[in-house]
Amino acid sequence: MNSSEALVVKDLTVEYALKSRTGRIQSRARAVDNVSFSIATGETLALVGESGSGKSSIANAIMRLVEPSVGSITVAGREVTSLSGRDLRESRRDYQMIFQDPFESIDPRRTVLDTVMESLIVSGIGETDAHRRERALAALESVGLTPAPKVGERFAHQLSGGQRQRVAIAAAMVLQPKLLVADEPVSMLDVSLRAGILRLMQKLGSDLDVACLFITHDLSLAWMYADRIAVLYLGRIVEEGAPADIIGNPKHPYTQALVSVIPIPERVNKTERTILTGEIPDSSHIPQGCRFHTRCPLYRALGEPASCRDSDPSLSGRAIHRVACHHSTEE
Amino acid sequence: MSSPQVLHIPPVKRSMLAQLWNDRMGRVGLLLTTFTLIAAVIGPIIFVFDSGAVGADATTLLMPPTRTHILGTDELGRDVFSQFLSGSRVSLLVGLMATVISTIIGAGVGIAAGFFTGKLDTVLMAVTDFFLVVPAMPLMIAMGAIFGQNLTIIIVIIGLLSWPRTARIVRSQTLSLRERKFVPRARSLGSTNWRIIKVHMIPHVLPLLIANTILVVAGAILSEATLAFIGLGDPNRISWGSMLHFAFASGAVGRGAWWYFMPPGLGILLIVLAFTLVGHAFDKINNPHLGGSS
Amino acid sequence: MSYLPRKLLQVLGSIFAVATFNFFLFHIIPGDPIRLIARTQKLDPEAVAELRKKFGLDGSIIHQYLVYLKNLAHADLGYSFSLHEGVGSVLLRALGHTALLLTVSTLIVVIIGIAIGVYAGSRQGKKSDSWIVISSLVFWSMPTFWVGMLLVFVFGVWWGGLPISGITTPNAVYSGSLSYMMDIARHLILPTLTLALVDIAFFIMITRTSLIEVMHEDYMLTARGKGLSRKTVVWKHGVRNALLPVMTASALYISALVGGAIQVEVVYSWPGMGLLMYNSVLARDYPVLEACFLVSSIVVLLANFASDVLYRVLDPRVSVAR
Amino acid sequence: MNLLDVRNLCVRYGSEQTGVLAVDTVDLRIGQGEFVGLAGESGCGKTTLAMAIPNLLPEGATVVSGSVTFDGQDITHASEETLNSIRWKEISVIFQGALNALNPVKSVGWQIAEPMLAHDSGLSDKDALARARELLDAVGISKSRSSAYPHEFSGGMRQRVMIAMALACKPKLVIADEPITALDVMTQAQILDLLRSLSSSFDLSLLLISHDLSVLADTCDRVQVMYAGKAVESGSAETIFASADSSESAAHPYTNRLLKSYPNILHERVFIDGIPGYPPDLSLPQTGCRFAARCDQVQSVCRTQEPALIELHTNHFVACHFAEQVSR
């Protein structure tokens, strides 16, 4: 295993049992289906997908907030899926998460300083409270919440959304993790504040050489922020490559459709949009064959070839730009 | 709808007591509670009730108020006012002690069921629902008749039969707290379950628990009064409920002896109302929708 | 399993649990029931031995339990020592009287309570709302039996226009079934009024709170936006949604209502289960007490079942079929 | 004549002494058949302004001054009856968050039919329901689902139901408050597409409120940008969204910075700019230009004197002291 990889996810599958009220398992939803990827130290990978694509399940599996059904997750060379109890808790400081909604992810009854210090207390860092306090204040300072002692006394409801997300970043980065999982970190914020948060994440990330898994539904944001993009559809990576390739030369029909509907803050004559009909299917009823064929414009354009219904395409192509489609080259 | 609140920095939360005092009903409730507590503690010391001091002849039985007996006498010629004062102690004692038992069980069951979910939740909620549905008063009467009549037993019976509502409320609050993202965030930091409960759950459950606890006190006082009225009070400790039992049994109502059955009833009303008002005000503080203009 | 059979099974399970609980409460914890009876009824040793045999008390606890279940299955609830009659027939008579009282007062309480609750809730913060809330809390804080005593004093002693005891006038001669029913109705007035005065407060408060919550929902703004009149907005959109939590809370109320009924029956000598329990407490007639608890539990369980089914009919988000 | 003419509108939350002017002397005009976008960050007053039109303001909010003229009729202080006859019949609203804006215990068909019956006493229940089914069909939902309840639909489908409901009485103006927020990217595209296609067949005017300027770019004819309770710029979509080198383009520094807050995949891959700082606290007295504290081209006059909304070019209004020389 390459030691420069901060995160290696191999054959990850996450299933949820759909239970009836009596507790019997009625069916299984496969939110993540055999997904593999890795992130090098200091690299940022964007996972892009709509709701139901499994992007949050991947984040939760990495954070061990849900148990993966199959697969291994290795953070900084340590396999974490086999850990439990104390070992698991101790490993957690290496991988930290920033949640989508900063209002929900910060306990409203605790002060900002308490929230940041909580990270240190739980991880057993710092001998005394005074020591931890000093580090927490430094962390608040580093995310631009100044004067730190004053901001530290506030509660979440006394801060704006952007400030709250800064607190969440401080609470994660104070542990100096190897991997940061950011689940839609700016989607709840006003557009004018997004750049500030992203810049902060980028700066702190490069200072500490932290790898980042950046989860978003916004392809243009991924294009701007990430070093690499993986597009998810119904629990599977359908295309993976460099941002310029994904946006400039999308190969999978799903990615092509996503790129075509990106809103552009400029009034220009864009090429024809491809608006997919219908909605992403339920993950307990994944279509046979290629999971996208039920909505695929290419499938219809090619006269509904049997291969799309019969076999599930795997991710293939050059290492720097891979796609999971039987017919992508025929375009 | 978006309002300009986003920009507005609300003032630091005032203490619960200050907020209660600010609410008209809460203030009346607080004053009433304080008043009855003081009366219950000091009253019987000044006006000692002597259960042996029965009336000498027929003229002193069920006597209307006079200068010596400001609330008249009962069917045995005993002073009603001093009975009334010592009765307040029993009502308050039973109400408060039973509530302690009820709250400890209710909060424990509720948090455990809500936080750990799964099988434990199923079992605990089955037990809770059982006691929630079984009619409490017939069961209290049955248990009172079986286990005998003394204050401790009455306290235990009321306490053991009034926790299910608390458990339900605490559980649903705990369940909704679990959905808040700060709980998975705490877990992803490596917090133990116990730490999550201590740091993130209990402080959030507490305001609701306090409001509910105050209402449980009111309910427990009413339960004690009813049990005593049915004839299951502690024969050695006169309470407002047992005063009404004797008033009823001796036909004081039919004989128009209002000085006998009015005071204990009003006493129960005032003290239960006091706690109910405070509890209601707490509810308003906890639920901004109920607090008039939010 | 679909909802109805599953729920029915659950109710049967609860009834079984109540019966078991009942058995252990009366048979195991304080010693055996015959000793309790013997203590109060001064029975001779031979009679005690015979009774022990009848209840299987000479056998093991398991044996006693099985005998108890067998007797229950045959609707044999034992023998009342104070009334010298089978408990079953005593109870059956009382149950009918209690059912009459409870049905009438519940109907009044629910209809008036919800109406006043909606009125108050839709005028939140106004003067009329404050008065309704305050008077509800005051009535809610009164012991039911004391309200009964006050009404007896006012209507029976001062004014004297209404009957204050029993279900019919003693030694009355009726000209027909209508006059008989009128007599019962007159006797019902004060007990019903007593229960209603205290318990309406409960319905007013939960309906009000529930409606206030619903009034803040986004779909209420949609309804306003549609240009509907205020009355339509409140009743068609508000009340319909507000009643769902009221239904759930009513399940709790059923058990409280039984408690209230006991007190009212005692005060007005209404010959129902409550009066029966009161007399049994005084006479320490355990078999009757035991049966009263069992039967009232079953009634409450069934009422809860009914309210649960009704909830599912009213809320499309949960279905009766599933 | 404009269909809607809002002039100098002021809306306050709370009392005169401690209240906050959420909308401070704002104009808004919508022509017949025009699509107008209203943009701004959360708390800028855009929703409050829109809800003031059919007077659906929440409790505690009051129109302090100014006027709302709809179809030639001044409805600023109209009675509840007059407003009720205009609501939905003339002005309907697509509310934010369709899950909560639909009544959970009524079928969607019933909810669509309800306003038709309320506004047309001659209509029979059966006909109303039949029309409701037609509308469902028009927004791409099978007619057979008219008896289904809101919880049986996905988020995107509920928004379609909401749109069908808004069209029920063939209103002249539809106010859509963040209609695609919280929806998936592809569903957003579907809904915007639907709104565009329905507008032509139903001949309506649309007020589209969004915090996301890029959404308004190819949906609206005209765009008005609000900041901290004030309208700071309004103009045709061509002007606002024109590329920087064109002769006429967005002129307010706030609009320009907002436009640069989105990544533009047609341009070079650079980090977005964003705007430093936060909007002002409106509960404090305001002096000068409200954007001054965050503006990178601020001059001393900006801090002391409030800029007036001036007509820079025909139908292009800007409230900035340096509108003519702002560099992008």
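First the proteins, then the strands, lettered A, B, ... as listed; each starts at 1. Computed from heavy atoms alone, side chains included, the values below leave out hydrogens, waters and symmetry copies.
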Under 3.5 Å, side chain of A/Q202 to main-chain N/O of A/R199, donor-acceptor pair present?
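No; judged by distance alone, with no hydrogens or angles, the pair does not exist.
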
Between the side chain of D/R294 and the main-chain N/O of D/G277, is any donor-acceptor distance below 3.5 Å?
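Checking the backbone N and O of D/G277 against the side chain of D/R294, a donor-acceptor pair under 3.5 Å is found.
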
Is any residue of residues 213-225 of chain A within less than 4.5 Å of chain D by heavy atoms, and which ones?
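Counting heavy atoms that sit under 4.5 Å from chain D, the residues of residues 213-225 of chain A involved are A/H217, A/S220, A/L221, A/W223, A/M224, A/Y225.
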
Return the set of residues passing side chain to side chain donor-acceptor pair (under 3.5 Å) with A/D282 (not counting sequence neighbours), or none when no residue passes.
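Listed in chain order: A/S284.
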
Would you please name every residue forming a side chain to side chain donor-acceptor pair (under 3.5 Å) with D/N315, sequence neighbours left out?
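Counting only residues at least two positions away or on another chain, D/N315 forms no side chain to side chain donor-acceptor pair (under 3.5 Å).
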
Sidechain N-carboxylate O distance under 4.0 Å for A/D245, A/K251:
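No, A/D245 and A/K251 are not salt-bridged.
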
Electrostatic pair A/D33:A/R291 at N-O distance under 4.0 angstrom
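Salt bridge flag = yes for A/R291 with A/D33.
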
[X] versus chain D, heavy atoms under 4.5 Å apart: side chain, backbone, both or neither?
X: A/E50; answer: both
X: A/T274; answer: backbone
X: A/A244; answer: neither
X: A/I280; answer: neither

What option among [options] has the most heavy-atom pairs under 4.5 Å with chain A?
options: D/R257, D/H211, D/Q188, D/H267; answer: D/H267
options: D/S261, D/G140, D/G156; answer: D/S261
options: D/I265, D/I275, D/L183; answer: D/I265

Just checking, any donor-acceptor pair under 3.5 angstrom between side chains of D/D212 and D/S210?
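No.
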
Given a strict heavy-atom distance threshold of 4.5 Å, which part of D/L213 is in contact with chain A: side chain, backbone, both, or neither?
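No part of it gets close to chain A.
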
In terms of heavy-atom proximity below 4.5 Å to chain A, should D/R269 be classed as side chain, backbone, both, or neither?
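The answer is both parts of D/R269.
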
Please verify the inter-ring angle class for D/H151 with D/Y149; under 30° counts as parallel, over 60° as perpendicular, anything in between as tilted.
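Geometry flag for D/Y149 against D/H151: parallel rings.
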
Which residues pass the ring-ring contact (aromatic ring centres under 6.0 Å, His included) test with D/Y254, not counting sequence neighbours?
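ring-ring contact (aromatic ring centres under 6.0 Å, His included) check on D/Y254 returns D/Y227, D/F291.
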
In this structure, which one of A/L159, A/V167, A/I169 forms a side-chain contact (heavy atoms from CB on, under 4.5 Å) with A/L145?
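Looking at A/L159, A/V167, A/I169, the match for A/L145 under the side-chain contact (heavy atoms from CB on, under 4.5 Å) is A/V167.
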
Qualifying residue, where the test is side-chain contact (heavy atoms from CB on, under 4.5 Å) with A/F292 and the options are A/P253, A/C325, A/P287
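Considering A/P253, A/C325, A/P287, a side-chain contact (heavy atoms from CB on, under 4.5 Å) with A/F292 is found only for A/P253.
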
Taking A/S192, A/G162, A/A195, A/G52 one by one, which has the highest count of heavy-atom pairs under 4.5 Å against chain D?
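Highest number of heavy-atom pairs under 4.5 Å: A/S192.
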
